[in-house]
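A short worksheet on the structure shown next.
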Amino acid sequence: MKIALIGLGSVGQGLLQILKDKAAYLEETYNFKPEIVAVGTASKGTLYHPDGLDIDDLLKALEARHLRHYPDVYGLTRNWDIPFLIHECNADVLVECSPTNLQDGQPALSYCQVALNSGKHVVMANKGPIAVAYSDLRAQAKNAGKHLLFEGTVMAGTPSIRLAMQALAGCEITEARGIFNGTTNYILTQMEGGMSYADALVRAQQLGYAETDPSADVEGWDAAGKGIILAAALFNKRFTLSEMSVQGITHLTAADIKAASEAGERWKLIVKITPEGGSVKPTRLPMNHPLAGVGGSTNAVTYTTDLLGEVTLVGPGAGRIQTGFALLSDLLEIARNPY
Ligand code: HSE
């Protein structure tokens, strides 16, 4: 499988690391032999080699912070524009993990459209295009006979999307509720342990949990975007950010956290989404509430279904390798079911 990888931040590098470390395992176990043929970012340039790029050399170039540090080899093309690169390259799949833009999904939305128009599957961790234009992209992918997979957009590699859309197929899901943002859950947990808000945010950024612009995390928009994605995927509903009721954690003080703790409670940023709408709200939960025990960057979702009642999934919600795995899981699905 030939891959074009757009976005080489924490998540894109996480995928490269996994493909490097697990190459032999993936080939032996799944007969999966991925080749990265094209890579690009807005700030670090682009590379294309129809016979594949060397992952070690890519990681080294990224350590040196620019793709110009990738060695010159015969057949290598540099610095094509990203849309041209996606259109012209011989990849089977576009993997899109550039920074999320929840306002209009761009420029990633147009990258996805170019990929589908030129006969490529699309896999993404970028939340923007799915939150803004899921139904249009899905229709385009269906017409093109290509996959549109987005496991990494909600709860990193913890299979929240696959659980709802595949394992629970046949159940009617009437509500999704949970903790959908790793950065804020990590900050709240650290603040309860005595760390300041500012230090906990810096640490969340260092650990690769936070968005490029972390205000999306702490003000609740990232969690709202994930709610919008679930509403689109589960209920076929198109909500906008302005239709959601959204509150982040920026107003919570060390005193608020302490007061909750003294009352046997804990603050969590809870997302609730139904076919009628959704909300993101810091909520005080009693310690014995199942979501109160979900700490650090761990996330959780509870689906309310007609046939099973409540089904809850708990797992990593952010991180380099954890989100890189989401991309791998989608790529393996395409390899198993080429369409
Ligand atoms: N910034 C996001 C979070 C990354 O903290 O949950 C995963 O979508």
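Counting starts at 1 for both ligands and their atoms, in listed order. In this text, all values refer to a predicted model and were calculated from it rather than measured experimentally.
Between Glu27 and Lys22 there is no salt bridge, since none of the side-chain N atoms of the basic residue sits less than 4.0 Å from a carboxylate O of the acidic one. With salt bridges taken as basic N to acidic carboxylate O contacts below 4.0 Å, none links Asp54 and Lys60.
Listed by number with element, the atoms of ligand 1 under 4.0 angstrom from any heavy atom of Glu211 are 1 (N), 2 (C), 4 (C). Counting atoms of ligand 1 from 1 in the listed order, those under 4.0 Å from a heavy atom of Asp222 are 2 (C), 3 (C), 6 (O). Residue-ligand proximity, Asp217 to ligand 1, at heavy-atom distances under 4.0 Å covers atoms 1 (N), 2 (C), 3 (C), 5 (O). Within ligand 1, counting atoms from 1 as listed, the ones closer than 4.0 Å to a heavy atom of Tyr209 are 1 (N), 2 (C), 3 (C), 4 (C), 5 (O).
For the pair Arg177/Ile270, a side-chain contact is recorded, criterion being any heavy-atom separation below 4.5 Å from C-beta on.
Not one N or O of Asn299 is nearer than 3.5 Å to an N or O of ligand 1, by distance alone. For ligand 1, the polar-atom distance check against Lys127 finds a nitrogen or oxygen pair separated by under 3.5 Å.
Judged by distance alone, the side chain of Lys268 and the main-chain N or O of Val294 form a donor-acceptor pair under 3.5 Å.
Of the protein's non-hydrogen atoms, the one nearest atom 5 (O) of ligand 1 is Thr183 OG1, 2.6 Å.
Counting only N and O atoms by type, the side chains of Gln190 and Asp199 include no donor and acceptor under 3.5 Å apart.
Taking all heavy atoms of Gly317, Ser10, Gly182, Ala216 into account, the minimum distance to atom 7 (C) of ligand 1 is reached by Gly317.
Under a cut-off of 6.0 angstrom, the local environment of CD in Glu310 is crowded, with over 12 non-hydrogen atoms contributed by other residues, nucleotides or ligands. Other residues, nucleotides and ligands contribute at most 12 non-hydrogen atoms within 6.0 Å of the CZ atom of Arg138.
Assignment of Lys226 to the shell around ligand 1 is supported, since a heavy atom sits closer than 4.0 Å.
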